[in-house]
Amino acid sequence: VQLQASGGGLVQAGGSLRLSCAASGNIFRLNVMGWYRQAPGKQRELVATMTTGGTTDYADAVKDRFTISRDNAKRTVYLQMNSLRPEDTAVYYCTITVVGSQYWGQGTLVTVSS
């Protein structure tokens with residue numbers, strides 16, 4: 001299983017970014033895709049996940065600002081990030097969990113300037 005993320009970059013506070021992540025390889029159709037992030041000096045934390053059936057889970061810190069979506073036919077998950085804050089600065093990692101095994105993408109850096 002491979003994950004290819006894109007869409008990170010530098011944005012001013014209050015701005016928006018959209019991350020994308022495409023999965024390839026032997027992927028069972030029932031899975032959970034999502035995003036985690038890791039800020040400098042901090043542990044990796046959940047941002048948002050979404051099941052094949054559309055059930056979502058969000059970290060409290062991003063609720064009402066971030067929206068996760070996915071295109072199952074394209075095996076792609078998206079993260080629309082609005083009203084970005086400096087504290088959202090982190091490396092964002094795409095992940096997919098398939099039959100109990102979790103796989104990670106290479107990470108994409110999001111920097112929010114104040």
(request) Tell me, with the steps shown, if R75 and I27 meet side-chain contact (heavy atoms from CB on, under 4.5 Å). (result) CA-CA 9 Å; R75 297 180 172 183; I27 301 171; 4.1 Å; yes
As an exercise, state the distance from [atom1] of [X] to [atom2] of [Y], rounded to the nearest 0.5 Å.
X	Y	atom1	atom2	answer
C94	M33	SG	CE	4.5 Å
I96	N31	CD1	CG	4.0 Å
S114	R85	OG	CZ	14.0 Å
N82	R18	CG	CZ	11.0 Å
Y78	D71	OH	CG	5.0 Å

(message) Are there over 12 heavy-atom neighbours, none belonging to E87, within less than 6.0 Å of that residue's CD?
(response) yes
Nearest heavy-atom neighbours spanning [X] and [Y]:
X	Y	value
G8	L19	N-CD2, 3.5 Å
S16	Q80	CB-NE2, 3.9 Å
N72	T52	ND2-O, 3.1 Å
L3	Q106	O-OE1, 3.5 Å
V1	N26	CG2-O, 3.7 Å
V32	T51	CG2-CG2, 4.0 Å

(request) Scan residues 39-48 for pairs that pass side-chain hydrogen bond (donor to acceptor under 3.5 Å, both in side chains), counting only residues two or more places apart or in two chains. (result)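 Passing the test, one end in residues 39-48: R37-E45.
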(message) K63: which residues meet the side chain to side chain contact (heavy atoms under 4.5 Å, CB included) condition with it, sequence neighbours left out?
(response)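 K63: side chain to side chain contact (heavy atoms under 4.5 Å, CB included) contacts with Y58, D60.
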(message) In this structure, would M50 and Y103 fall into the same cluster of hydrophobic residues linked by side-chain contacts under 4.5 Å?
(response)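 Cluster IDs for M50 and Y103 match.
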(message) Test your reading of the model: is there a side-chain donor-acceptor pair from T97 to the backbone of Q102, 3.5 Å cut-off?
(response)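 Side chain of T97 to backbone of Q102: no pair is present.
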(request) Report the hydrophobic cluster partners of L46, with the cluster defined as I, L, V, M, F, W, Y residues connected by side-chain heavy atoms closer than 4.5 angstrom, directly or transitively. (result) Y36, V91, Y93, W104, L109
(request) Flag the pair V47 / M81 as yes when at least one side-chain heavy-atom distance between them is below 4.5 Å, and no otherwise. (result) no
(request) Test W35 against every option in V62, L79, T49 by the side-chain contact (heavy atoms from CB on, under 4.5 Å) rule and name the one that passes. (result)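 The option that passes is L79.
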